[in-house]
Colleague: 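A single structure is presented below for examination.
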Amino acid sequence: MQKVLMTLLAAVFLCTPVASFAAEETDMAKIPCNEFLKSGDNMGIMLAWIDGYMSAKSDNTMMSAAWMEKLGKHMGAYCNKNPNATIMKAIEDMPE
């Protein structure tokens, strides 16, 4: 199951159109949750950025399907409850 999920995550990242997201500079600290929830094809890229940001802060270089699932669920639940909060606030409130 883990191999399938990791393969699926890799496929999402590889197939996600990057051009629209990278066409301009984006200050990730200013993105509100409601924009994150509407990001569609760019959500995978944003989750990968969030994972990298959190990994740099914790000095954890490991990536797992379970972690990405937990991160995605947290971001979705938090942002649904707090649409005007920034994604940085959602990251700060991520349970251990």
Colleague: Tell me which pairs pass side chain to side chain donor-acceptor pair (under 3.5 Å) where either residue lies in residues 29-38, with sequence neighbours left out.
Modeller: none
Colleague: Could you measure the distance from the CD1 atom of I50 to the CE atom of M43? Nearest 0.5 Å is fine.
Modeller: 9.0 Å
Colleague: Please assess N42 against F36 for the test side chain to side chain contact (heavy atoms under 4.5 Å, CB included), listing each intermediate value before the final yes or no.
Modeller: CA-CA 9 Å; N42 290 324; F36 171 77; over 6 Å; no
Colleague: List the residues meeting salt bridge (charged side-chain N to carboxylate O under 4.0 Å, His left out) with K57, not counting sequence neighbours, and say none if there are none.
Modeller: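 Testing K57 for salt bridge (charged side-chain N to carboxylate O under 4.0 Å, His left out), a comparison that skips the adjacent residues, returns none.
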Colleague: Are M28 and M46 close enough that some pair of their side-chain heavy atoms sits under 4.5 Å apart?
Modeller: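 Contact flag for M28/M46 side chains = yes.
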Colleague: Does anything in residues 39-75 form a disulfide bond (SG atoms under 2.5 Å apart)? List the pairs, not counting sequence neighbours.
Modeller: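 Passing the test, one end in residues 39-75: no pairs.
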Colleague: Would you name the heavy atoms of L47 and M68 that are closest together and state the gap between them?
Modeller: O-CE, 4.3 Å
Colleague: Donor-acceptor pairs under 3.5 Å, side chain of residues 83-95 to any protein atom, not counting sequence neighbours: which ones?
Modeller:
from : atom 1 : to  : atom 2 : distance (Å)
T86  : OG1    : M88 : N      : 3.4
T86  : OG1    : K89 : N      : 3.1
K89  : NZ     : D93 : OD1    : 3.3
K89  : NZ     : D93 : OD2    : 3.4
D93  : OD2    : Y78 : OH     : 2.9

Colleague: Can you list everything that forms a salt bridge (charged side-chain N to carboxylate O under 4.0 Å, His left out) with D59? Sequence neighbours excluded, please.
Modeller: none
Colleague: Keeping to residues at least two apart or across chains, list the disulfide bond (SG atoms under 2.5 Å apart) pairs with something in residues 54-96.
Modeller: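 Matches after skipping sequence neighbours: C33-C79.
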Colleague: Working to the nearest 0.5 Å, report the span between CG of N60 and CG of D51.
Modeller: 8.5 Å
Colleague: Under the rule for salt bridge (charged side-chain N to carboxylate O under 4.0 Å, His left out), what residues qualify as partners of K73, not counting sequence neighbours?
Modeller: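 K73 satisfies salt bridge (charged side-chain N to carboxylate O under 4.0 Å, His left out) with E69 once adjacent residues are dropped.
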Colleague: Apply side chain to side chain donor-acceptor pair (under 3.5 Å) to W49 and list each qualifying residue two or more places apart in sequence or on a separate chain.
Modeller: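 Expected list: none.
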